[in-house]
Amino acid sequence: MTNIKQTPLNKAHRALGAKMVDFVGWDMPVQYSGTIPEHLAVRTAAGLFDVSHMGEIEIKGADALKLVQLISCNDASKLSDNQIHYTALMTPKGTFVDDMLVHRFNLEYFFLCVNASNVDKDFDWIVSQSKGLDVDVRNTSDKYFQIAIQGPRSLEILQPLVDIDLSTIKYYWFKEGSFSNIPVLLTRTGYTGEDGFEIYGLPDEAERVWNKILEQGEPLGIIPAGLAARNTLRLEAKMMLYGNDVDDTTTVLEADLGWIVKLAKGDFLGRDILAEQKEKGLSRKIVGFEVLDRVPVRDGYPVFIDGQEVGKVTSGSPSPFLKKNIGLAYLPIDKTAIGTEFSVQVRGRDVAARVIETPFYKRKK
Amino acid sequence: MADYPDNLLYTKDHEWVRVDGTSATVGITHFAQAELGDIVYVELPKVGEKLAQNDSFGSVESVKAVSEIFMPISGAIEKVNEALNDSPEHVNNDPYGEGWMITLKIENPSEIDALMSAAEYEDFLSENRN
């Protein structure tokens, strides 16, 4: 990897003693004090994540809604201004170019948050689909920092620092406001299964925002948290990871995301395939499982049913909160019922696993 | 306690060895446990198993990764630290004490000569840190 990219918080991470890794070409903190304490802090108090590597793509113009409706399976016409939804950036095969959050400022301005690893591919794809439409599509990923504060005490910690009554921002809504006189976008979203906010602003202000939140939240138990905890948190909440659980070979329905597929909204990329799968039924589907053994299973370990390899673990890890080993895998549709047992091969040994209800973890509201 | 006690020998794979007559005790170093982070599972061999130098004798797993552990010298496994089944965190908290992993019957004493002293291991770590 040449020219590893840095977020505007690189120095802050190093000052905090973070262990840094190359994550899809970005020099990112994988952990600070430890994955387990960071994970548990998010479940019980709060954690602070630098997610500035995430990409932003903005679509403006008279046909902005038309373009978003074409490239996404969810129905952005049903969003209100200042509302957000999760969706797939679609291929014509009903599979994922990426998964993303769509923020609707208004009918002529949509703000997409996409995966760091995919931003160039996504941008090129969206531009290629915009021919003949009155839109301006921009990759504005360098124009923002993005910081996520996640956990049950997030609102309490953030509230004194901003000029907006945060309780007026509902889950998956956003507002523009001011953080200690710094203009920011405050979204009530996250990738951990907890309540929390994501904050976007100008890169030069990132360090001030980061440090102020840590200072404000310290008495309430906030700690900085790295990518390792982010991964275990999102897995417990069964949120998909592009490249592991979803990609351009998995359809949105196979990924068990029927709730984001709005066939009734009219045409969009891949709609025919999803409509056909819905009508004829799926041949496979992603499931969540627990390992019936102390040994963790990892991404890529082969999955066997009746001696036949049927796929791979797409995400597998010890679950720090549930204190068991969990994972996700695509299984043949007749093997996806809750309670179905199968095996995962761990270093040549067959380890039993069982399909269980997901999300593995659901917060109390 | 010193990060790398003087009475132990070390490998480039970050195992430590304590020679005690014809037996040796083996674990992973402070550096290795810190790199791995919170250890949640340790897989160890069966007592009686004979393994050659550099063979994998098990694995150590943290939340985020799995690492193999290797025989610093050849020998037959005499004891394994069963306590790590329930308390794998001993490897983080006390890598040279309660976090020990196996003892083995030394098969070839000459293999011991090639292991590093604490000072040599610390030099090795600092050379490889950059």
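Values below: every heavy atom of this structure, side chains too, minus hydrogens, waters and symmetry copies. Lettering follows sequence order; numbering is per chain, from 1.
Looking at A:Arg294, the atoms closer than 4.5 Å to chain B (heavy atoms on both sides) sit in the backbone and in the side chain alike. Contact of B:Glu61 with chain A is made through backbone and side chain together, with heavy-atom distances under 4.5 Å. Using a 4.5 Å cut-off between heavy atoms, B:Val40 contacts chain A through its side chain alone, with no backbone atom that close. Neither the backbone nor the side chain of B:Val42 comes within less than 4.5 Å of any heavy atom of chain A. Looking at A:Pro296, both its backbone and its side chain come within 4.5 Å of chain B, counting heavy atoms on both sides.
Per-residue counts of heavy-atom pairs under 4.5 Å with chain B were compared for A:Gly34, A:Pro318, A:Ala229; the largest is that of A:Pro318.
At a threshold of 4.0 Å, the pair B:Glu68-A:Arg347 does not count as salt-bridged, since none of the basic side-chain nitrogens sits closer than that to a carboxylate oxygen.
When side chains are defined from C-beta on, A:Val295 counts as touching B:Glu43, because their heavy atoms get closer than 4.5 Å. Looking at A:Thr35 and B:Ser62, their side chains never come closer than 4.5 Å, going by heavy atoms from C-beta outward.
Every residue two or more places apart in sequence or in another chain that forms a side-chain hydrogen bond (donor to acceptor under 3.5 Å, both in side chains) with A:Gln150 is listed here: A:Thr192. Applying the ring-ring contact (aromatic ring centres under 6.0 Å, His included) rule to B:Phe31 yields the partners B:His14; only residues at least two apart in sequence or on another chain are considered.
Within 6.0 Å of CG on B:Asp6 lie no more than 12 heavy atoms contributed by other residues, nucleotides or ligands. The environment of A:Glu309 atom CD is dense: over 12 non-hydrogen atoms of other residues, nucleotides or ligands sit within 6.0 angstrom. More than 12 heavy-atom neighbours from other residues, nucleotides or ligands sit within 6.0 angstrom of CD on A:Glu341. Counted within 6.0 Å of CD on B:Glu120, heavy atoms from surrounding residues, nucleotides or ligands total more than 12; the atom is thus considered enclosed.
Considering every non-hydrogen atom in both A:Arg298 and B:Val63, the closest pair reads NH1-O, 2.8 Å.
One distance of note links NE2 of A:His39 with CG of B:Asp38; it measures 11.5 Å at 0.5 Å rounding.
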